[in-house]
Amino acid sequence: MVFILAQQLTAVLFDVFPVDRNSRNLIKGLISSAAVVWTYRSFYGRIERRAVTELSLSRWGRTIGPGLALGAVLQGLTILVVALFGKVQVVAVKPATSVLIPLSVAFSVAIFEEVLLRGILFRIAEEKLGSYWALAISALVFGLLHLANPGSTLLSGLCVVVAGAVFGLAYVATRSLWFPIAIHFAWNFVQSGIFGAVTSGNEKTSSLLTTNLMGHPLLTGGAFGPEASFQAVLLLLLAAALLQQKAKRNLIIPRRKHKPAASAEVVLAG
């Protein structure tokens, strides 16, 4: 609701102060994302009466860099496998300004989805059920939300579920939402903004490179894009295994409630 409202208000602002399309989309994405972060911090800070450390700006520097690197490497390796065993045809190289729209989209989507699924759903489920159940629930919901996308397959669904587990483990490992936000952003931006590939079945936007990914659908991801490829699933599983090792010390395991043993009845013989 906040995200949509912020976009609508920004659109009204641009009617008064017109700017070019690329700048408009970038500003709209930044304002909408800032509105989501501010609303989350304000609401949970007040309702739970605590410091909202998971979106603390003090953790920004320690998590953004590693998150961007991990997301970019994972997506870069996914495309590299297509180049090695299929073909990545570079049709054109466009001006740097071509990345502004996919940058805005990737950033706002990462903020919105991570705040919703990891900041709200995962965090609340973890408090009640523990880390493992929260990981399973949030990852499955993340996958279900993408099943209706064009070109969706069982493999794409599996890949998105594993990606959801990666984002959840990234949060557990650092207790900062900035880490999964950065991974999510870099994964999508490299895919759509740099290589110009279809992302989650959505239509292509402008990108730095105009490319054609050629090969078997298991390799290219078909109509859903590279995140529906076999190698994407394997790479994300590897990332999940590595993050799980880092997250071990922060896992929350609910304690079992032991019922007191029933008192033994003593029967006296008369």
Side-chain angles (χ1 to χ4, degrees), residues 1-13 25-68 70-71 103-142 144-145 163-189 243-244 246-255:
M1 178 68 73
V2 173
F3 184 79
I4 296 172
L5 181 60
Q7 287 198 326
Q8 291 176 340
L9 290 175
T10 307
V12 172
L13 181 65
N25 280 280
L26 179 61
I27 295 170
K28 186 188 295 184
L30 291 174
I31 291 177
S32 300
S33 299
V36 170
V37 171
W38 178 82
T39 302
Y40 178 90
R41 286 173 59 91
S42 300
F43 180 80
Y44 284 104
R46 178 171 299 181
I47 201 76
E48 297 178 353
R49 298 181 180 179
R50 65 180 180 89
V52 185
T53 55
E54 63 269 26
L55 277 177
S56 170
L57 294 179
S58 64
R59 298 187 181 185
W60 172 287
R62 288 179 292 171
T63 55
I64 287 292
L68 292 175
L70 179 57
L103 186 148
S104 171
V105 172
F107 183 70
S108 56
V109 165
I111 290 281
F112 177 74
E113 292 187 350
E114 293 312 308
V115 166
L116 175 65
L117 291 163
R118 257 57 66 177
I120 299 176
L121 177 61
F122 175 89
R123 189 176 57 81
I124 293 175
E126 186 183 42
E127 291 175 358
K128 304 295 183 183
L129 304 171
S131 299
Y132 288 120
W133 275 109
L135 281 168
I137 292 168
S138 60
L140 284 172
V141 170
F142 189 54
L144 289 172
L145 289 174
V166 168
F167 301 146
L169 286 166
Y171 170 68
V172 175
T174 59
R175 290 299 165 182
S176 171
L177 285 172
W178 295 118
F179 192 32
I181 285 170
I183 299 171
H184 196 157
F185 163 77
W187 170 270
N188 281 350
F189 177 68
L243 286 170
Q244 198 273 338
K246 185 174 175 59
K248 274 184 177 179
R249 66 180 184 274
N250 290 332
L251 289 172
I252 295 176
I253 309 297
R255 295 179 180 178

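With Glu113 as reference, Val109 is the one residue of Val109, Ile111, Leu116 to meet the side-chain contact (heavy atoms from CB on, under 4.5 Å) rule. Exactly one residue among Thr174, Leu177, Val115 makes a side-chain contact (heavy atoms from CB on, under 4.5 Å) with Glu54. That residue is Leu177.
Taking each heavy atom of Arg249 and Lys246 in turn, the nearest pair found is NH1-O, 3.1 Å. The two residues Ile181 and Ala110 make their nearest non-hydrogen contact at O-CB, 3.6 Å. Closest non-hydrogen pair, Val52 versus Arg41, comes out as CG2-O, 3.4 Å. Considering every non-hydrogen atom in both Leu243 and Phe179, the closest pair reads CD2-CE2, 3.9 Å. The minimum heavy-atom distance linking Ala170 with Ile183 is given by the pair CB-CD1, 3.7 Å. Smallest separation of non-hydrogen atoms from Trp178 and Val37: CH2-CG2, 4.4 Å.
Relative orientation of the Tyr44 and Tyr40 rings is tilted, given thresholds of 30° and 60° on the angle between their planes. By the 30° and 60° cut-offs, the orientation of the rings of His184 relative to Phe167 is parallel.
Once rounded to the nearest 0.5 Å, the distance linking OG of Ser131 with CG of Leu169 reads 9.0 Å. Of the inter-residue distances, the one linking Phe107 atom CZ with Leu30 atom CG reads 6.0 Å to the nearest 0.5 angstrom. The distance from the CD atom of Glu114 to the CZ atom of Phe142 is 6.5 Å, given to the nearest 0.5 Å. Note that CD1 of Ile31 is 10.0 Å distant from OG of Ser104, once rounded to the nearest 0.5 Å. Between the CH2 atom in Trp187 and the CG atom in Leu68 there is a gap of 15.0 Å [rounded to 0.5 Å].
Within 6.0 Å of CZ on Arg49 lie no more than 12 heavy atoms contributed by other residues, nucleotides or ligands.
Between Gln244 and Leu251 the shortest side-chain heavy-atom distance falls below 4.5 Å.
Not one N or O on the side chain of Ser108 forms a donor-acceptor pair closer than 3.5 Å with the backbone of Ser33. Of the possible polar contacts, none joining the Arg118 side chain to the Pro180 backbone as a donor-acceptor pair under 3.5 Å is found.
Annotation: cation-pi pair Arg123/Tyr171 absent, no NZ/CZ under 6.0 Å from the ring centroid and within 45° of its normal.
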